[in-house]
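I am attaching a structure below and will ask some questions about it afterwards.
The structure presented is a predicted model; accordingly, all values stated were derived computationally and were not measured. Numbers here simply count residues along the sequence, with the first being 1.
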Amino acid sequence: MQHTTKQAAILLLSDGTIFHGKSIGISGTTFGEVCFNTGTTGYQEIFTDPSYFGQIMVATNAHIGNYGVNKDEIESDRIMISGLVCKNFSDFHSRPDSESNLFDYFKKQNLVCISDVDTRALVSYIRDNGAMNSVISTDGTSIEELKKQLAQIPDMKGLELASKVSTKTPYFYGNENAKYKISALDLGIKTNILRNLAKRDCYIKVFPYNTSYQELKAFAPDGYFLSNGPGDPDPLESAISVAKEIIANNNPLFGICLGHQVIALANGVSTYKMFNGHRGINHPVKNLVTGKGEITSQNHGFAVNKEELDNHPDLEITHLHINDLTVAGMRMKSKNCFSVQYHPEASPGPHDSSYLFDDFIENIKLSKN
């Protein structure tokens with residue numbers, strides 16, 4: 001095995017804290033809000049999830065790259081994270097059905113990565129001090145210059161990012177002869193959401209994030225879907241307006257993650273930026289309707305205001321995050337509308353919550369009758 005010497009690299013946080021590590025061999029500097037994901041597998045799905053756009057990902061699993069990459073394990077057309085921080089980065093992979101190593105995958109898309117970092121100490125620091133902007137530098141740029149550049153990066157609060165990841169033109173997914181038609185507003189939609197709808201006999205037309213209700217309606221859909229995505233939901237005035245119109249017309253509506261937050265805002269319920277957010281594939285949620293627990297996949301840095309939701313006359317909480325009692329799901333009492341803060345399509349993660357897609361189809365059936 002050939003021995004190579006790794007170049008020194010750093011992760012600089014906006015409060016001035018520095019973590020030292022090594023470059024995996026891709027030179028450059030990259031900026032984003034630092035966050036961590038506690039999943040032990042599914043790194044390729046995480047890296048390509050549009051909800052992570054604008055974020056530097058810290059992997060809590062000690063080994064990244066050991067099972068390579070596979071074209072069937074991507075959630076969008078490109079890597080979405082701004083950069084990666086990990087403990088051990090493996091240039092070699094041993095899974096039989098992997099198609100290439102992770103380094104080559106990163107190299108093609110010029111993703112800057114720092115390894116050999118004490119990620120346990122880093123995650124502990126983020127948990128204590130909150131998510132904040134950061135920069136990875138592997139090219140020797142001075143600390144003072146990096147601090148100047150980092151100070152110019154906008155905070156995630158108030159930042160509209162859906163436009164950066166949404167499709168530019170409408171496209172179709174699934175069998176055009178399927179029983180149900182769905183208009184999906186793409187705020188950063190994951191491919192596995194489309195797979196889950198398609199396997200339930202849905203033909204989906206995916207629209208850009210700023211599409212009007214009339215354009216969505218022109219497809220003559222049986223139901224409407226608001227997708228996951230990155231950034232603050234508050235600036236998404238067009239999507240909020242669309243949600244209001246869908247609700248006013250009592251069309252079947254299902255929202256996930258960012259879509260869930262948009263539905264809350266459409267009902268006059270505010271959202272807020274969380275201290276750390278929820279990112280991982282082992283988050284416990286309680287279904288308040290059935291009384292059952294679910295282990296869920298989550299990825300969000302904003303949440304819906306629980307107190308306002310409790311006092312809303314036409315909304316009720318259906319799911320709660322067991323760890324911190326934040327809102328994990330809600331539904332409208334008088335309209336055909338529900339949403340969840342987490343990811344029932346998983347990828348990666350458990351499939352405890354896939355029934356929510358079935359619930360959406362049942363709502364469509366009821367509306368058609």
Side-chain angles (χ1 to χ4, degrees), residues 24 32 34-106 108-109 111 113 115 119-120 122-123 165 188-196 199 227-230 256-258 276-285 294-301 321 323 328 340-354 356-357:
I24 67 168
V34 68
C35 65
F36 59 89
N37 187 293
T38 58
T40 56
T41 60
Y43 55 69
Q44 192 179 0
E45 294 96 320
I46 292 167
F47 300 158
T48 56
D49 180 351
S51 294
Y52 281 119
F53 185 85
Q55 293 181 309
I56 288 176
M57 172 58 57
V58 180
T60 60
N61 187 17
H63 301 285
I64 295 295
N66 52 312
Y67 61 81
V69 296
N70 185 300
K71 62 179 177 58
D72 295 326
E73 295 172 1
I74 58 174
E75 289 298 324
S76 65
D77 61 357
R78 66 188 189 276
I79 294 174
M80 291 290 179
I81 60 172
S82 296
L84 175 67
V85 181
C86 62
K87 175 61 177 173
N88 301 314
F89 186 90
S90 177
D91 293 309
F92 305 97
H93 56 96
S94 57
R95 186 174 55 161
D97 62 349
S98 59
E99 296 162 353
S100 67
N101 63 61
L102 189 59
F103 176 80
D104 289 342
Y105 187 65
F106 281 1
K108 288 177 183 177
Q109 301 186 53
L111 185 85
C113 173
S115 67
T119 49
R120 290 187 300 176
L122 174 56
V123 169
V165 297
I189 199 164
K190 290 175 64 181
T191 301
N192 205 40
I193 289 174
L194 298 175
R195 293 191 195 105
N196 270 275
K199 75 179 184 181
S227 84
N228 63 291
I256 288 177
C257 203
L258 187 60
N276 273 313
H278 296 152
R279 298 177 182 89
I281 56 177
N282 61 345
H283 285 259
V285 163
E294 304 168 23
I295 302 301
T296 68
S297 177
Q298 301 205 7
N299 170 21
H300 60 100
H321 195 293
N323 288 347
V340 290
Q341 182 62 80
Y342 53 97
H343 287 268
E345 84 288 347
S347 188
H351 298 162
D352 294 21
S353 308
S354 61
L356 291 163
F357 290 102

Approximate separation, where rounding is to 0.5 Å, of Ser115 OG and Lys87 NZ =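 One finds 9.0 Å between OG of Ser115 and NZ of Lys87.
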Backbone of His63 reached by a side-chain donor or acceptor of Asn88 within 3.5 Å =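 Checking the backbone N and O of His63 against the side chain of Asn88, no donor-acceptor pair under 3.5 Å is found.
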Nearest heavy atoms of His93 and Gly68, plus distance in Å |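 Minimum heavy-atom contact is CB-N, 3.3 Å.
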Side chains of Met80 and Asp49 in contact at under 4.5 Å (non-hydrogen atoms) =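 With C-beta onward as the side chain, the pair stays apart.
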Side-chain donor-acceptor pair under 3.5 Å between Glu294 and Thr296, yes or no?
->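 The answer is no; no qualifying pair exists.
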Over all atoms of both residues, closest heavy-atom pair of Asp352 and Ile295 |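 What the structure gives for the nearest pair is OD2-N, 3.0 Å.
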Between Ser51 (side chain) and Pro230 (backbone), is there a donor-acceptor pair under 3.5 Å?
->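 No, Ser51 side chain to Pro230 backbone: no donor-acceptor pair under 3.5 Å.
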Thr48 side chain to Glu75 backbone, donor-acceptor under 3.5 Å |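 Yes, Thr48 side chain to Glu75 backbone: donor-acceptor pair under 3.5 Å.
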Is Tyr105 close to Leu111 at the side-chain level, that is, under 4.5 Å between some pair of heavy atoms?
->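 A side-chain contact under 4.5 Å is absent here.
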Tell me the ring-ring contact (aromatic ring centres under 6.0 Å, His included) pairs involving residues 66-89, sequence neighbours left out?
->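 Checked against ring-ring contact (aromatic ring centres under 6.0 Å, His included) - neighbours excluded - the pairs reaching residues 66-89 are Tyr43-Tyr67, Phe89-Phe106.
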Locate the shortest heavy-atom distance separating Pro284 from Asn323; write the atom from each residue and the value.
->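 Heavy atoms only, the tightest pair is CG-OD1, 3.4 Å.
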Check: Ile79 main-chain N/O paired with Gln109 side-chain donor or acceptor under 3.5 Å |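 Flag set: sc Gln109 to bb Ile79 pair under 3.5 Å.
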Test item: Lys190 side-chain N/O and His343 main-chain N/O as donor-acceptor pair under 3.5 Å |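 A pair under 3.5 Å: no.
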Working for side chain to side chain contact (heavy atoms under 4.5 Å, CB included), residues Val85 and Val58 | CA-CA 5 Å; Val85 181; Val58 180; 4.0 Å; yes
Minimum-distance pair of heavy atoms, taken over all atoms of Phe103 and Ile24 =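 Looking at all heavy atoms of both residues, the closest pair is CE1-O, 3.3 Å.
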State, with a plain yes or no, whether a side-chain heavy atom of Leu84 is found less than 4.5 Å away from one of Met57.
->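 They are in contact (side-chain heavy atoms under 4.5 Å apart), so the answer is yes.
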Test item: Asn228 side-chain N/O and Ile256 main-chain N/O as donor-acceptor pair under 3.5 Å |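 Not a single qualifying donor-acceptor pair exists.
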Phe47 and Leu102, any side-chain heavy atoms less than 4.5 Å apart |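 Yes, close enough: below the 4.5 Å cut-off.
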Check side-chain hydrogen bond (donor to acceptor under 3.5 Å, both in side chains) between Arg195 and all other residues, then give those that pass, not counting sequence neighbours.
->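 Arg195 satisfies side-chain hydrogen bond (donor to acceptor under 3.5 Å, both in side chains) with Asn192 once adjacent residues are dropped.
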Straight-line distance of Glu345 CD to Glu45 CD, nearest 0.5 Å |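 Interatomic distance, Glu345 CD to Glu45 CD, rounded to 0.5 Å: 11.0 Å.
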Sub-4.5 Å side-chain heavy-atom contact between Phe357 and Lys199 =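 No, every pair of side-chain atoms sits at 4.5 Å or beyond.
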Without swapping roles, check the side chain of Asn70 against the backbone of Asp97 for a donor-acceptor pair under 3.5 Å.
->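 Confirmed, Asn70 side chain pairs with Asp97 backbone.
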Checking Thr119 side chain against Cys86 main chain: does a donor-acceptor pair fall under 3.5 Å?
->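 Checked: no pair found.
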